[in-house]
Each structure stands twice: as C-alpha cells, then as structure tokens.
Amino acid sequence: MLEHFFNPSSIAVVGASQNPGKIGYDILNNIIRYGFKGAVYPINPKAKEILGREAFPDLVSVPSQIDLAIVALPSPAVMEVIEQCGRKKVDSVVIITAGFKEIGPEGGRLEQALAARARELGLRVVGPNCLGIIDTASALNASFAAGMPLDGHIGFFSQSGAMCVAILDWALGENVGFSRFVSLGNKMDISETQIMLSMEHDKNTRVILGYLESIEGGPLFMKAARQVSKKKPIIIIKSGTTSAGAKAASSHTGALAGSEHAYNAAFKQSGIIRAESMQSLFGYAVAFANQSLPKGPSLAIITNSGGPGILAADACEKSSLHLSPIRKETADELRSFLPPTASVYNPVDIIGDAPAERYDRTLEVILRDHAIHAVLILLAPTAAQDPDAVARGIVRLAKDSDKPIMTAFMGQKKVKGARKILQDHAIPSYEYPEDAIAALDAMLCYRRAQEEPERQYQHFEADRGSVRQVFSSVIGQHRHDLIEKEAREVLKAYGFRLPENHIARTTKEAVQAASKIGYPVVMKIASPDVLHKSDMGGVRVKLENDSMVEDAFFDITANIQLRQPDARILGVMVQEMIPRGKEVILGITRDIQFGPMIMFGLGGIYVEVLKDVAFRIAPLSVEEADAMIREIRAFPLLRGVRGEAPADIKGIREALLRLSQLAMDFPEIIEGDINPLLVCPDGQGAVAVDARITIHE
Ligand code: COA
C-alpha cells in the first residue's frame, strides 16, 4: 500500500536547488546522503547537474519512469507540476510547498483545485505544507529534516512538521529507531487513515505513533484503526480538542458533550491508546516497540530504596496492574542471599547499598517466578553504587526473558551512562517510576483488548415510518424541538417502555386523566418552548388525589406564564408515576467528526453538576453499552449498595442500544436525551419518563 511513497525505485525532486540552505537543496541532499539506492532526478530548468546528479528541466524530460515526485516549488507553480505528473504517469507525489489552506480562503481554493486535478489524474498526494517522508528500510529520506533516524520499529505520522523534527531529534538523542516518518501536512489527499493502513502492512513497523490536530472522516478513521490496532498498537497524541461546540447546546447531552469526549470515545472504541503528553507518547513508544506485552497484571518491583518503591506501588494501585504477592519459594530463595534488613515482599527492597551483583541475583530469581508477569527495576544512586554495572546485568538477563522489563534509574549525572546502556539495548528506561507503570499499564490494556471477543450488535424491530411522519410534521411546522408527545411517539416506535400519560387542557380533564391512570400521578407542562421543565416550575410529582391534581394544574400553568410568558402552552401532561427506581440519563448528540454519539450517566437534576457521564460513538455494540454503564462513578449505586436491590442493568443496556439504533437510523436527530430513564429493580426493566429531541432538516 502506498508502495511508491516508501519504497520507490526512482525519485524526482522538482525544485531541486543548487543553493545550500534552500529546501530544494536539503531534500535532494538528504535523499543522496542517507543512501537511497534508486535513481534520483533533480528537476531544475537552470541546472545541468546538482549534487553530482544529472538535472532535467521538467519531469517530462526525464528519460525513465519516475515512481515518486517531491515538489518544492512556490505554490503558484505546483499545479503545472501536477499536470506533468499526469503526463509522465507519476502516481505518487509529496508536496512540500506551504501557502495553501493554512493561509486562508485563497490558499484553500488553490488547494481544492489541486486536489480535484490530482484526483482526476489518479495521483496520490502527501501534503501540501509538509516536511516530507522517511523510510529507514529503504534508506529514503525525502524530507528537509536535519538528520535520519536509526532503523527501528516505530512508524510515526504527524500533522505538524515541527513535531516531526522534534521527535526525530529526540529519537536521535535517545537512540530510538524508527521505521517510517510521515509528515501529513494539510492532508489534501492522504490522511492518517491511509497511513495507518499502510503501516499495518509494513513489516518493519511494530508500533504506530501519531500526532494529530484533527481527524478527517471520523467513521472511516475508526474503522481503519479498529482493523489495524488488532495487529499493531496505535498510540496517538491529539491536541486542540475544545469544548467550544458544547457551549451553544441546549440539551444536557449537548452541554456535556464536546469534541474531547468524542475523541476519547472514538479512540477507546477503535483500540487506540491515547497519550496525554509528549512524555507519555515517547514512553509508550519505546515500551511497545521493544518489550513483549505482559501476559497478566502481576508486577514485581525491585528497588534499592523505600520511597521510590512506594511511589511505584501507589502508581500500580491506580492502574490495571497489581503488585504480585511473592510466592514462598521465591521469598525463601531471595532471603538466602539478601541482607536481613532487605524486604523480600513486593516491592522487593534490596537496600541502598545494593551492588550490581545483588540486583542480578534478585532479578534472576524474580524472572523465574511464574506468577510474575512484568518487572520494574528502580535504582536511586548511592555513593558505593555502580549504576552502569547494574544496567549491564539487566541487559544480560533480559535477553533470555519474555517478560517485559522496565527500569527507572532516578537522578541525572550518576545514572546517565547506565540509562544509555539500557536504551542501547532496548530496555525502556524512565526517569520516574510512574512513567514506567503508565507504559506497562497501557501495554496490559492493549493486550486485554486483543483478547476481547468480537463485538456483538443487536438489532431491534422499529417503526421507522412513524418516526419519519413525526419528523416531517415538526419540520412542516418550522420547528426543531419535538414536544413531549412527539418525542414519546418516537421512543414508542423504537420499543422504549413509556409511562402512561394524557394531555389535559383543563383541571377537569386533568382529574379525569389522573383517575384513568390511577394515583399517584406526575404532572408536567406540555409546551414546545419550555425545555428545562423542572427549572421553570413546570413539574409536580406524587400527586395523590383530585384536589392535588387541580392545584398542580394551576401552579404549573401559572409558573410558566410568569417565568416564560411567550411560551406556547398546549396543556399539562398527566403521567403515571413510576414507583421506585434509579434515575439515569441517556443522550444523543452529533459530533462533527464522528457522527452520532451516545451518552449515559446518573440522571436527575445533578447530571450537569456531577458530570458523571460516559460517551461512545454509535453504533454501540452490546459490550460498549455495558462498558458505558460500568464506567460511571455511580455504577456501584446501580448495582445496589447496603442491601438495596440492584437496578435492572440489562434494561439500561437495552435502552442504550435502542437509542443508538435510533441515532443511526435518523441523521436528522442532532440532539436529545431521555432524562430520566427510570430503572426499576433487576428484571423489571426501565421506563423512559421524559425525553427531548431536536432535529434538523
Ligand atoms: N521546475 C523546477 N524547478 C524550478 C522551476 C520549475 N518549474 N521553477 C523554478 N525552479 C527552481 C528554482 O530556480 C530554484 O532553484 P535554484 O535555487 O537553483 O535557482 C528552485 O527550483 C526552487 O524554487 P524557488 O522559486 O527558489 O523556491 P524557494 O526555494 O524559494 O521556495 C518552497 C520553494 C517550496 C521551499 C517554498 O515555496 C515553501 O513553501 N516554503 C515553506 C515550506 C514549508 O514550510 N513546508 C511545511 C513544512 S512543515
């Protein structure tokens, strides 16, 4: 896939320059200097030869086939090069040139025209506005970066060229090898999705790393990531997520959503590991690229001091790892050579003065213990210690072990050499224990995700025709918000259980409705204009008799007339009161990148304050619905605390899946929530008590 970009037989540099310091010079120089084996053609109308290679005035004059063209000409000249690529049948192009959509509408139009023409000609394009590409296995450095990474197994793509050069410099400093570097630039054609797919098939890439500011085509990206992450870990740092979009929203879901949640959900659902900082991106990258995945959660910590051991143990506690209890046989063996003041329990504290030999023997014994799945070795340098010798011992023992071994040699001056020895031998070396634990945790979560069974999707019978009718009637009346009666109809068509209710226009009708339903009842304002009914005094609950119903009717209508005088009042809804249950909220919102997103959280009036909510991109699988329910902090309340009956979790799951299906079937729903969904005790289902839906044509 994209073979000509990463393994071309011939390259032309259009805009190759004879002047050192120009980008066209640097690119040609990098291609030649780092040993690209194929043919290289400088293209420059004024030169006969550049850097010892015969130059040609244009692409068409080159006598042989060209697999890849790198374009480093000012933006107005790029279109002509695209035309020439078409004529010369060059199918892969990297456009380095800046001055397109990133500079404003005019540049944007130029880029669109380029993209359209490239598509017509069947060209694939990386860029424009990029640094270029590197493939270490092909000794190809078609970029103007200062340096060439070492051979390795990390494939990196980045929307920011600056991030590419920063990572490259870090990699050179830390001896970390890379398979590929791709600077995506403006992503006029090739985006992160195609690059991930190409890295899936690249035998030299074991780990895929990305820096992204935005994502093109969310659903396709998720599909590709889901496929690729089954084979290779994808670690992404995503910057620039804001909650600006959430501010204008009118529903609870809209107010709580925002692109940050969408990205988190999308990454989670596609198996992407999200790095929260550059430090963790690097930390995860070296761990995944160089160590095998832990076979289980049991971690042993070897340390020469108590403090760092406790820090590591604390970090472990907060992760999915756990401190392995040391088996008696292992403890006895450790005791046989460790000083009496040492601790043979986890963390295994081998005491401040521990020489290299003590580290060696301890590690050897720990690695032999079958109950331990991973080891973290900590070292705080004391006067007598030789950290280099400790590092060499670890390198030796790690060779014969299939367990991940991480290290955190703390300090700077005294441990510098030791850390280099570890890095040179692919043993992840961190400054602090927490970083090592975070990387191991990510590896364990990735492994567990690999072992998860295929996701199950459930389909429900639904009356789509009725929903379509409701929506066209709402749009016909130039409205966007459904009134409660309409929202109920929609939910009913999708099989939700709803409380019985009737609209009453007079007190008499209200009393009649209440006696038909049976006491106690709930009453709510019926108005297309009142969105937050409780806040406006538009809801009364637990009405036990006729006179309470009459009073409530007066109160509710008076409150609305007072607080929202322009609201149209259709009457008051008299509703069956669902006796007991836990209130949860379910919501739909539509993310600009990823499409419909489903929310779940603890319901009632506290939802926006506590923000105890979980999001996933629709369509939800059964497993994803379950994960959402478990994810909220209040989950123990649903399971039942202090002898309370557990709530019907299956009822919530079914409601989430039905809502997901509704969101997928009707793209016109832009927001909505069921608040509350009253969840009855286990086995008795869940009832959608109140709902709000907003649509768009
Ligand atoms: N075909 C081939 N070569 C041509 C040409 C043509 N039609 N027209 C001119 N050239 C030659 C020029 O003569 C020059 O060679 P010379 O130095 O030997 O005279 C060379 O191509 C480059 O053209 P020039 O006009 O000097 O461009 P430049 O080097 O000043 O700028 C870019 C070109 C692409 C570097 C510049 O437009 C640019 O976009 N810079 C920013 C790049 C960037 O930041 N990208 C994003 C990184 S993340």
Side-chain angles (χ1 to χ4, degrees), residues 5 11-32 40-62 66 68-88 90 93-104 106-108 110-111 114 117 125-134 141-147 156-169 180-192 195 210-214 239-240:
F5 283 98
I11 307 178
V13 180
V14 190
S17 170
Q18 324 192 54
N19 302 316
K22 279 205 162 189
I23 287 182
Y25 175 91
D26 291 338
I27 294 174
L28 182 66
N29 191 29
N30 277 350
I31 294 174
I32 296 170
V40 183
Y41 304 107
I43 309 293
N44 183 310
K46 291 184 289 185
K48 290 270 165 291
E49 185 194 295
I50 306 177
L51 287 165
R53 308 285 167 127
E54 182 185 1
F56 295 87
D58 49 39
L59 282 172
V60 195
S61 312
V62 176
I66 298 165
L68 174 66
I70 315 291
V71 186
L73 283 180
S75 55
V78 178
M79 184 60 106
E80 172 51 27
V81 181
I82 293 292
E83 295 293 349
Q84 285 192 26
C85 286
R87 258 175 273 149
K88 182 72 190 158
V90 183
V93 184
V94 176
I95 305 176
I96 303 290
T97 313
F100 292 95
K101 88 173 173 204
E102 80 282 3
I103 60 159
E106 202 174 315
L110 191 56
E111 187 170 318
L114 268 189
R117 189 63 187 134
V125 180
V126 167
N129 187 30
C130 75
L131 184 87
I133 54 177
I134 296 176
N141 186 338
S143 79
F144 60 99
F156 177 66
F157 60 83
S158 169
Q159 205 167 337
S160 147
M163 211 51 90
C164 280
V165 287
I167 296 242
L168 178 57
D169 198 52
R180 280 180 186 177
F181 254 81
V182 184
S183 165
L184 294 168
N186 291 4
K187 306 194 274 192
M188 174 182 115
D189 170 34
I190 291 176
S191 72
E192 51 283 344
I195 295 299
Y211 168 86
L212 289 176
E213 283 156 13
S214 64
S239 69

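Start at 1 and go down the list; that is how both ligands and their atoms are numbered.
- Residue contacts with ligand 1 for Q18 involve both N, CA, C or O and side-chain atoms from C-beta outward (heavy atoms, distance under 4.0 Å).
- Using a 4.0 Å cut-off to heavy atoms of I43, the atoms of ligand 1 that qualify are 2 (C), 3 (N).
- Residue G24 places every heavy atom at 4.0 Å or more from ligand 1.
- Near N129, the atoms of ligand 1 lying under 4.0 angstrom from a non-hydrogen atom of the residue are 45 (N), 46 (C).
- At a 4.0 Å heavy-atom cut-off, ligand 1 touches T97 through backbone and side chain alike.
- Within the 4.0 Å heavy-atom cutoff, S183 does not count among the residues contacting ligand 1.
- Within the listing of ligand 1, atoms 42 (C), 43 (C), 45 (N), 46 (C) sit less than 4.0 angstrom from a heavy atom of I96.
- Under the 4.5 Å side-chain criterion, counting only non-hydrogen atoms from C-beta, I95 is in contact with L114.
- Atom 19 (O) of ligand 1 has as its closest protein heavy atom K46 NZ, 2.8 Å.
- Applying the 4.0 Å criterion to heavy atoms of G161 picks out, from ligand 1, the atoms 48 (S).
- Between the side chains of Q18 and N44, not a single donor N or O lies within less than 3.5 Å of an accepting N or O.
- Taking atom 17 (O) of ligand 1 as the reference point, the nearest protein heavy-atom neighbour is S17 OG, 2.6 Å.
- Looking only at side-chain heavy atoms (C-beta outward), L184 and L212 come within less than 4.5 Å of each other.
- Of all protein heavy atoms, the one closest to atom 41 (C) of ligand 1 is A98 CB, 3.8 Å.
- A salt bridge is absent between E80 and R117: the closest approach of a Lys/Arg side-chain nitrogen to an acidic carboxylate oxygen does not fall below 4.0 angstrom.
- By the criterion of a heavy-atom distance under 4.0 Å, neither the backbone nor the side chain of A47 is placed next to ligand 1.
- Atom 20 (C) of ligand 1 has its closest protein heavy atom at G15 O, 3.4 Å.
- Only the side chain of F144 comes within 4.0 Å of ligand 1, judged by heavy-atom distances.
- For atom 10 (N) of ligand 1, the choice among I50, L73, N44 with the nearest heavy atom turns out to be L73.
- In this structure, the side chains of Y25 and L51 come closer than 4.5 Å at one or more pairs of heavy atoms.
- There is no protein heavy atom closer than 4.0 angstrom to atom 36 (C) of ligand 1.
- A donor atom on one side chain and an acceptor atom on the other are found under 3.5 Å apart for S214 and Q159.
- Contact between A72 and ligand 1 is present, with at least one heavy atom of the residue lying under 4.0 Å from the ligand.
- Proximity of S75 to L110: side-chain heavy atoms (C-beta onward) are separated by under 4.5 Å at one or more points.
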